[in-house]
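Heads up: numbering here begins at 1 and tracks the sequence. Predicted model only: the values in this text are computed from it and were never measured.
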Amino acid sequence: AAYVDEVIQAVDEGVISAWQGVQEIRAEYEDLASKARFYLQNGVGVVAGVMQVRTGISVIGSSRGLGVVPGGLMVGHGVNNAYESLSNIYLGPHAIGTVGPVRRIYQMVFNNDYEGDMKYYAVDLALSAYGVFRPVSKLDSVELFRRDPINYEMAYRQTGKLALSLEALVDLLTIDAMVSGGNMEN
């Protein structure tokens with residue numbers, strides 16, 4: 001508000017024109033909105049990373065060892081996403097984006113930052129889909145000797161609306177990163 005008051009005063013005193021005043025205020029608004037988006041996106045990244053770790057641990061624990069690979073990948077990606085987002089928040093919006101160790105491994109395996117990033121994002125989206133569409137035990141179901149499909153439902157049916165909305169937002173941010181990464185490559 002103080003900045004706007006200064007601009008208005010400059011216009012009143014004839015130091016700048018009204019149009020220049022509008023341009024100054026618009027530029028300040030864009031700068032503040034950009035910073036807000038940066039912190040919101042990275043804050044969501046931290047929360048999503050923690051959720052990925054939690055889901056990965058759940059997958060490993062509830063699958064009698066069969067879910068070690070997808071669960072381990074979820075934990076790895078979740079820790080990496082939280083690390084990158086927290087580092088970005090700490091360094092601020094004007095610093096170069098942090099690349100975590102898991103993403104760096106993808107980049108080294110594919111001998112190319114762009115290819116590594118695209119594969120990392122693709123695996124992240126696949127893990128997201130797996131986490132939402134994997135079969136989980138229905139609440140209050142009982143199994144005695146064998147796995148009965150009637151006792152299972154898709155995980156999204158047991159997930160709250162807020163968590164599903166956050167998952168969709170994170171997936172959209174991942175797709176946006178893929179698209180903007182693709183634009184930078186071309």
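Proximity of S128 to V170: side-chain heavy atoms (C-beta onward) are nowhere separated by under 4.5 Å. Side-chain contact check for H94 versus K35: some heavy-atom pair is nearer than 4.5 Å. The side-chain heavy atoms of V44 and L166, taken from C-beta on, include a pair separated by under 4.5 Å. Side-chain atoms of T55 and R134, non-hydrogen and from C-beta on, do get closer than 4.5 Å to each other. Looking at Y106 and D117, their side chains never come closer than 4.5 Å, going by heavy atoms from C-beta outward. Side chains of E167 and L172 form no contact here, defined as non-hydrogen atoms less than 4.5 Å apart.
F110 carries K119 over the face of its six-membered ring, with the cationic atom under 6.0 Å from the centre and within 45° of the normal.
A distance-only check finds a donor-acceptor pair linking the side chain of N88 to the backbone of T98 [under 3.5 Å]. Although no hydrogens or angles enter the test, the distance criterion places a donor-acceptor pair under 3.5 Å between the side chain of K138 and the main chain of I150. For Q20 (side chain) and S17 (main-chain N/O), a donor-acceptor pair under 3.5 Å exists by modelled atom type. Using a distance-only test at 3.5 Å, with no hydrogens or angles considered, a donor-acceptor pair links the side chain of S87 to the main chain of Y83. Between the S62 side chain and the S58 main chain, a donor and an acceptor come within less than 3.5 Å of each other.
Hydrophobic cluster membership is shared by Y114 and M178, with clusters built from Ile, Leu, Val, Met, Phe, Trp and Tyr side chains linked at under 4.5 angstrom. Side-chain heavy atoms closer than 4.5 Å link hydrophobic residues (I, L, V, M, F, W, Y) into clusters, and following such links, even through other members, never connects I60 to V136. V69 and V123 fall within the same hydrophobic cluster, defined by Ile, Leu, Val, Met, Phe, Trp and Tyr side-chain heavy atoms under 4.5 Å apart, directly or through other members. Cluster annotation: L127 is connected to I175 through the hydrophobic network of ILVMFWY side chains, with a link wherever side-chain heavy atoms come within less than 4.5 Å. Using a 4.5 Å cut-off between side-chain heavy atoms of Ile, Leu, Val, Met, Phe, Trp and Tyr, with links allowed through other members, V132 and L125 fall into different hydrophobic clusters.
By the 4.5 Å side-chain criterion applied to Ile, Leu, Val, Met, Phe, Trp and Tyr, I89 is assigned to a cluster that also includes F38, Y39, V46, L86.
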Is there a side chain to side chain donor-acceptor pair (under 3.5 Å) between Q107 and N112? Walk through the geometry before answering.
CA-CA 5 Å; Q107 292 172 346; N112 180 321; over 6 Å; no
Run I105 and Y120 through side-chain contact (heavy atoms from CB on, under 4.5 Å) and show every step you take.
CA-CA 9 Å; I105 290 169; Y120 176 84; over 6 Å; no
How far apart are the C-alpha atoms of N81 and V102, what are their side-chain angles, what is the distance that settles it, and do they pass the side-chain contact (heavy atoms from CB on, under 4.5 Å) test?
CA-CA 9 Å; N81 289 337; V102 175; over 6 Å; no
Step by step, would you call M74 with V59 a side-chain contact (heavy atoms from CB on, under 4.5 Å)?
CA-CA 9 Å; M74 281 183 173; V59 167; 4.2 Å; yes
Run the numbers on E24 and Y29 for side-chain contact (heavy atoms from CB on, under 4.5 Å), then give the verdict.
CA-CA 9 Å; E24 289 280 331; Y29 170 79; over 6 Å; no
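The CG atom of D140 lies 11.0 Å from the CG atom of N151; values are rounded to the nearest 0.5 Å. The distance from the CZ atom of R104 to the CG atom of N80 is 10.5 Å, given to the nearest 0.5 Å. Taken to the nearest 0.5 Å, the OG1 atom of T174 stands 5.0 Å off from the CG atom of D124. A distance of 13.5 Å separates CD of Q52 from CZ of R54, quoted to the nearest 0.5 Å. Note that CD of Q9 and CG of D12 are 7.5 Å apart. Values are rounded to the nearest 0.5 Å. Here the CD1-CD distance, from I16 to E6, works out to 10.5 Å after rounding to the nearest 0.5 Å.
Ring centers of Y121 and H77: at least 6.0 Å apart, outside the cut-off.
For the 3.5 Å distance criterion, the side chains of Y90 and N42 fail to qualify, holding no donor opposite an acceptor.
Closest approach of E84 and G100 over heavy atoms only: OE2-N, 2.7 Å. Nearest heavy-atom pair, A155 versus G131, reported as atom, atom and distance to 0.1 Å: CB-O, 3.3 Å.
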